[in-house]
Amino acid sequence: MAEKDENLMAMRHSLAHIMASAVRRLWPEAKFGVGPAVADGFYYDIDLGDAKLSEEDFAKIEGEMRKVIGEDQAFERSEKPIDEAVKWAREAGQPYKEELLNDLKRSGTTVAKDLDREEMGTIAGGSDSAVDTVSFYTNGDFTDLCRGPHVESTGKVGAFKLLRVSGAYWRGNEKNPQMQRLYGVAFNTDKELRQHLQMLEEARKRDHRRLGQELDLFVFSDLVGSGLPLFTPRGTVLRDELLGFSEELQRAAGFQKVAIPHITKQALYEKSGHWDKFGEELFLVRSQETSDQFVLKPMNCPHHIQIYAARPRSYRELPIRYMESTMQYRDEKKGELNGLSRVRGISIDDAHVFCTLEQIEGEFTAIMNMIKDMYGVLDMRFRARLSFRDDSDAYLGEPANWEKAQAIIEDVAKKLEIDYFIEEGEAAFYGPKIDIMVTDALGREWQCATQQLDFVQPERFGLTYVAADGSEQRPVMVHKALLGSFERFLSVYIEHTAGRFPVWLAPEQIRVITVNQEDATVEFADKLAAQARELGLRLEIDNSNESVGKKIRAAEVWKVPYTVVVGEKEISSSSVVPRIRQDLAVNGDAGGSIGVEQFLKTVANEAKSRVHKTSLHG
RNA sequence: GCCACCUUAGCUCAGCUGGUUAGAGCAUCGGUUUUGUAAACCGAGGGUCGUCGGUUCGAAUCCGACAGGUGGCUCCA
């Protein structure tokens, strides 16, 4: 398995070389950056100067690549002393390679830590000691600085396809010149490539932006502004249900809801430190009455802190837990906005706990249990990333407290048998945290829930409580979110479910289709609707003058969980034959006739207990 | 913010290299039909072709700016 993967990566990386040699044939002036193998293919960062690649060039490049492959050039490894290599790069007119080689010569490794991993296969070194020689690979007349590995010859590659070209800063640094990243997918066989492209097509179909429109969940308006979604009635059902569930879990764990204004004086964030750190992301609000400078709240913690700080606190009160899910505003850079997954109005199911150091374990355990409950009901797998500090001095607070807290966090993860991994250097500057990585139906991982310890803000705001011995002590804070940003979570969840929401979340739970528009039929449907509403169900009647077949189809397209057709038979028997959305059925069909009242009660029960499968028998 | 690409009816899209009143399907509305589990039939309305400016005898089509979007880069407390 591992060996097979290695071969696959060597093949993909070889394709990067083949692509580079093809590009150089077409554009002899091309300057090359790095060209690694990646998860599903390969890319090469290329600088063509004023000439720019576009998708129209793909056919041409792919054709040239096929020629290189057809020529079956051997990949030959060679070594050069580092100084000779630098000279080679200069003479070959490859300034990016020259820069890499010079870094290599100077430090024995490339400077950018993050890139080191990605650039595997492109950069020769990587050890800490100074480098004497570097290796090159040559295919045909194309020589590239490279550590390998490669397949034997250009003929020995699998199926590939160029997918996109995009901008990429040299070495990932925004201050560096921008290159073009030419990206393709590659697999051993045509079949695997086809399957992968199909998966991409499936992902495209599930795209939350597309489904958001098709299922009428949210809209954007140029007049309102980019990154500011407007939720329709259907989308608002999802919002209320999801945030309501989060609130329910928190309430049960002793969290209290608070309400705060959305604008605040700039001074609050100057004191919290957010003004310095995130100044450019804050929306400014100007008062026409006073000279006060206001900002739209980009987070809730400083407000919650003000509630805590409003009067003296006793140790007997702790932990104090404030929650709310109102919108926060961050002025993200334009190019970073993306559907619902990156917006400028963000609703986090946010909460802040003020407690003693001794209480951290209990609080983390309680929060982790809520997370387990939440994602259990949502039917999503997750694992936890314990984000700890590293040895650098980028962190505030007592190192001893950090150590203690990190030990507690890992202990909690162990005790609750959470699938977790530790990442050092990922902590926030103010404390260690647990980030929850949720896996969706297509196997992609997303960071959603989080809980973070904060030693810094209590310090900045001088928060205290009176301990049992009468002394003033400093509380610690825990920030937590179960869904994280509701908007981002919804984008993940829409794609996870492909818009087929479980009954408790479905904006429309039951659709009633009338066979005709006769009075008796309409009356029956109306009565059914009234009964459903009494049970708190969301039901729509389709009484349009269309064929039953067409109305059924419409209900399917809207992914309504239950559809019932009503006509003479139903009226005389006071029963219905529910049509059940396929993913809800336990074994295919859920069949028979059922009394109206029993049907509605069953559905209401399913909604209340938030189950994923129907309890109507098959 | 940076690079590439995109923007034609509510939605999905046609409209070749600039040339008379800009098309289709779905959706909407009206009529016929009174329908039994994934699309009945007929008809109608709907677009200053994202906005502004320029080139041209003539612009949906070419150029520029701006806005919005897509894919990445950077960023994501």
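To find a chain, count down the sequence lines: A is the first, B the second, and so on, and within it residues start at 1.
As rounded to the nearest Å, U51(B) and A59(B) have P atoms that lie 15 Å from one another. Rounded to whole Å, the C1' atom of G23(B) lies 16 Å from the corresponding atom of G45(B). Nucleotides C49(B) and G10(B), compared at atom C1', are 16 Å apart to the nearest Å. U70(B) and U32(B) have their C1' atoms separated by 45 Å, with the value rounded to a whole Å. For A67(B) and C52(B), the C1' atoms lie 10 Å apart once the distance is rounded to whole Å. The separation of G58(B) from G53(B), taken at their P atoms, amounts to 16 Å, rounded to a whole angstrom. Rounded to a whole angstrom, the distance from the P atom of G50(B) to that of G15(B) is 15 Å.
Side-chain contact check for T563(A) versus V512(A): every heavy-atom pair is 4.5 Å or farther apart. Under the 4.5 Å side-chain criterion, counting only non-hydrogen atoms from C-beta, F501(A) is in contact with I494(A). Residues N543(A) and T521(A) are not in side-chain contact: their nearest non-hydrogen atoms beyond the backbone lie 4.5 Å or more apart.
Here the side chain of P298(A) is nearest to one of U74(B), A77(B), G68(B), namely A77(B).
Here C75(B) presents its C1' atom at 11 Å from CG of L337(A), a figure rounded to the nearest Å. Across the protein-nucleic acid pair, L217(A) atom CG and C11(B) atom P stand 16 Å apart, rounded to whole Å. What separates CD1 of I348(A) from P of C76(B) is a distance of 15 Å, to the nearest Å. Protein atom CG of D331(A) is 13 Å distant from nucleotide atom C1' of C75(B), rounded to whole Å. Whole-Å rounding puts the R209(A) CZ to U12(B) C1' distance at 16 Å. In this structure, CG of D47(A) is placed 16 Å from C1' of G72(B), rounded to the nearest angstrom. Following rounding to the nearest Å, F220(A) (CZ) and U70(B) (C1') show an atom-to-atom distance of 13 Å. Nucleotide C76(B) holds its C1' atom 14 Å from the CG atom of L282(A), rounded to whole Å.
Heavy atoms of G273(A) sit nowhere under 4.0 angstrom from any nucleic acid atom. In this structure, R488(A) reaches the bases: a heavy-atom distance under 4.0 Å links it to at least one base atom across the strands shown. Note on Y430(A): only backbone sugar-phosphate atoms sit closer than 4.0 angstrom, heavy atoms only; bases stay farther off.
Nearer the 5' end of RNA chain B, as judged by each residue's closest nucleotide, is the contact made by G227(A), out of R342(A) and G227(A).
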Query raised in the report: Where along nucleotides 2-10 of chain B does protein come under 4.0 Å, by heavy atom, of base (B) or sugar-phosphate alone (S), with - for untouched nucleotides?
Result: BBS------
Report summary line: B/S/- along nucleotides 27-43 of chain B (protein heavy atoms under 4.0 Å) is S----BBBBBBBBB---
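Across every strand in view, U7(B) sits in a pair with A67(B) that passes the Watson-Crick or G-U test at under 3.5 angstrom. Base pairing annotation: C62(B) forms a Watson-Crick or G-U wobble pair with G54(B), both donor-acceptor distances under 3.5 Å. Look at C41(B): its Watson-Crick or wobble partner, with both distances under 3.5 angstrom, is G31(B). Across all strands shown, G72(B) is found opposite C2(B) as a Watson-Crick or G-U wobble partner, with both distances under 3.5 Å.
Taking only distance into account, the side chain of Q452(A) never meets the base of A77(B) through a donor-acceptor pair shorter than 3.5 Å. For R330(A) against C75(B), a side-chain-to-base donor-acceptor contact under 3.5 Å is absent.
Side-chain rings of Y430(A) and H479(A) approach one another, their centers coming within less than 6.0 Å.
A donor-acceptor contact closer than 3.5 angstrom is absent between the side chains of W558(A) and E214(A). In summary, the side chains of S593(A) and S575(A) do present a donor paired with an acceptor at a separation below 3.5 Å, with no hydrogens or angles considered.
The aromatic rings of W402(A) and F455(A) lie tilted to each other, with the angle between the two planes from 30° to 60°. Taking the six-membered ring where tryptophan is involved, the planes of Y493(A) and F489(A) are essentially parallel, since the angle between them stays under 30° and well short of 60°.
The two residues L268(A) and F461(A) have their closest heavy-atom pair at O-CZ, 3.9 Å. Nearest heavy-atom pair, S325(A) versus D350(A), reported as atom, atom and distance to 0.1 Å: OG-N, 4.4 Å.
Among R511(A), R579(A), E540(A), Q509(A), the one residue that satisfies the side-chain contact (heavy atoms from CB on, under 4.5 Å) test with V560(A) is R511(A).
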